[in-house]
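Just below is one structure, and these are the notes that go with it.
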Amino acid sequence: MEETELHLLGAIRSGDKDALRRLYDRYSGYAMAVGLRYIPDREQVQDVLQDSFVRILTSVGQFSYHGEGSLRAWVARIVANRAIDWLKEHERMRFADEMPDMPDELPASADDDLSRVDDVPPELLNRMIGRLPGGCRMVLNLFVFEHLSHREIARRLGIQEGSSASQLSRARKMLSRMMDEYLDS
Amino acid sequence: MKDMDNEKWTKRLHDRLADHEESVTDELWAGIEARLAQQEAPRRAARPVPLWGRWAVAATLVGVLAGGGYLAWQGTRSASPLAGGSPVMAEKHPASSAPVAHRPQESVPGHPSSATDGGAPAAEALGRQRQSAARQQSGHPVCLLAEVTGSKQGQAVVTVRQEEKGMPMESEKIEENTAPSASVPAAAAPAGRSAGGDGGEQPAGQNLPQDVQAVLRELDREIAEAEPRERARVGLGLYAANGFGSQSDANGVLMSPSLLDQYDYDRYMSQARSRAAAPVYLAGYEERQKYYRPISFGLTVNIPVSSGFSVVTGLVYTRLRSDFTNVAAGHAHQREQTLYYVGIPLSGHLRLWNWRGLNVYAAAGGQADFNVKARLMATGVEQQMRKDRVQWSLQAAVGLQYDIIPQIGVYAEPGLKYYFDNGSEVRNFFKDKPTALNLQVGLRLNF
């Protein structure tokens with residue numbers, strides 16, 4: 001039976017050095033998946049993860065436990081923040097409002113769109129998100145996985161709220177197209 | 001319809017990848033271990049100051065202020081100007097070098113009065129006139145002795161000296177021309193002073209020589225002019241404001257206009273209606289905000305302008321705490337925002353009424369608060385956050401102050417405060433409740 005987060009935290013706080021390694025083993029794979037959604041290059045994600053885990057492992061003693069799953073969410077949050085910082089430093093992102101090359105209409109059947117999500121393997125879906133343009137990728141991750149509103153995303157990224165909504169819409173369309181291409185191939 | 005579709009798609013994508021993991025290389029852990037080893041050098045952990053320590057600091061500060069005020073009160077306490085002829089019993093403070101007030105001439109009991117003893121020599125007739133006075137001057141009461149110590153060549157010799165109890169400080173000899181007086185017996189005159197040079201005797205009888213009287217009149221005038229004057233006092237105040245209560249709101253999340261443009265909005269409306277009349281909320285999304293009332297601590301200086309009006313300024317530290325909860329597709333995401341301000345208040349205080357140490361006053365003014373630190377925590381992780389702009393406010397209040405001793409008073413100042421919209425994106429109590437009741441309580445130290 002897997003060790004609970006509460007038990008793991010207790011072990012860490014009592015000075016169990018192995019508990020830190022158990023924390024890393026438990027969440028490193030998940031953290032890598034989160035990182036790859038922001039930064040498609042694996043080597044660069046590795047650098048980001050190294051920074052993130054150093055911070056996680058040195059400050060886990062001060063973590064405030066809120067229930068099973070809260071530690072995992074905290075790890076994901078740290079990785080996401082570091083990834084966003086890295087992107088701001090290394091990538092030039094554009095948040096355009098006008099999308100002239102994209103079709104205005106969504107796929108005819110909304111159910112088809114949903115089923116595509118289920119049909120594409122998760123690892124491929126994760127890669128597809130990583131291949132989105134920088135602005136769309138950032139907004140999609142913050143909206144879908146960090147549960148931020150467009151207003152908060154706008155404040156965080158220094159863009160207009162309308163731009164955030166447009167970027168999400170574009171992200172969805174591009175993702176749908178990539179899923180179509182995969183499923184049709 | 002389409003927003004529901006979007007919501008489903010978002011949730012489906014989230015759930016599909018919620019537990020997804022990717023492989024990691026062994027090099028990652030090696031790199032982490034190496035970095036951790038570098039940080040193994042003993043670090044001084046930030047020790048949070050325990051709560052009792054803060055209370056101890058606050059109690060010490062109050063104690064120092066109270067003790068200082070008590071000592072200042074003790075120092076300024078002094079006897080009132082004399083009604084009789086006895087010298088002032090002021091022995092704790094050194095004599096001031098400033099001019100000393102004089103009291104009207106009084107005869108010392110037991111000494112022959114110049115007005116009644118016509119046959120006594122001038123020195124004895126004059127008697128030893130003790131003019132003693134006291135004037136509260138920076139807490140330095142002194143005793144003034146004016147003596148006609150004899151006559152010399154037709155001139156009365158008046159010696160005026162300041163004296164603390166047991167500590168004669170200085171003396172001034174005022175020699176004035178006097179009318180010939182009755183002869184002065186050698187024994188009654190101080191050594192070295194002879195009787196009148198012309199051989200005449202100092203006049204005995206009621207009147208002092210004119211010039212001597214002029215000197216004494218001058219001294220009398222100085223005494224009369226030295227009214228006890230209440231110095232304008234500078235006050236120093238410590239206060240705490242608010243610290244309780246909070247304001248909670250819950251909002252739906254509106255679909256943005258640009259997103260709305262991408263959907264055939266009007267197709268789903270049964271009749272033509274403006275978007276303002278029929279806003280579209282995202283289903284399953286909600287924003288909750290809880291704004292705690294600001295907590296303020298201040299150190300103010302009360303500068304008197306006139307007897308009933310003073311200007312107050314100083315420094316104020318304010319902490320604003322807000323909690324935001326975003327609910328999206330069944331997931332709650334909580335954030336805690338804490339803003340720290342340092343403010344400079346400027347207000348006028350007008351005394352309305354006072355009675356036995358109890359003062360009622362009206363206060364009005366403004367304050368500028370500068371956001372020195374902004375902190376945003378989301379599930380235990382600190383996030384970047386922009387600081388707020390300068391926050392301007394106006395306040396009107398009525399204050400009640402009770403002076404425990406003249407130097408220390410406690411006060412309460414309930415009032416109304418209005419916060420101007422500074423146009424920033426930062427959400428806080430000031431924007432949510434621009435007009436709010438405010439209660440300030442504190443300690444005021446008057447110098």
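Sequence lines set the chain letters: A, B, ... in the order given, protein chains first and strands last, and positions in each chain run from 1. Hydrogens, waters and symmetry mates are skipped; everything else that's a heavy atom, side chains included, is used.
The side-chain heavy atoms of E146(A) and R77(A), taken from C-beta on, include a pair separated by under 4.5 Å. With a 4.5 Å cut-off on side-chain heavy atoms, L71(A) and R26(A) do not count as touching.
Chain B forms the most heavy-atom pairs under 4.5 Å with one residue out of F53(A), Y27(A), F145(A), and that residue is F145(A). In terms of heavy-atom pairs under 4.5 angstrom with chain A, the leader among E425(B), R16(B), R35(B) is R16(B). Put simply, of D51(A), L49(A), I129(A), the one with the most heavy-atom pairs under 4.5 Å next to chain B is D51(A).
For E161(A) and S164(A), the side-chain atoms include no donor-acceptor pair closer than 3.5 Å. With hydrogens and angles left out, the side-chain atoms of N422(B) and S424(B) include a donor and acceptor closer than 3.5 Å. Donor-acceptor pairing under 3.5 Å is lacking for the side chains of Y24(A) and E33(B). Between the side chains of Y341(B) and D388(B), at least one donor N or O lies within less than 3.5 Å of an accepting N or O.
Both the backbone and the side chain of R21(A) have a heavy atom closer than 4.5 Å to some heavy atom of chain B. Of the atoms belonging to V34(A), not a single heavy atom falls under 4.5 Å from chain B. Of the atoms belonging to D118(A), heavy atoms from both backbone and side chain fall under 4.5 Å from chain B. Heavy-atom distances place the side chain of L175(A), and not its backbone, under 4.5 Å from chain B.
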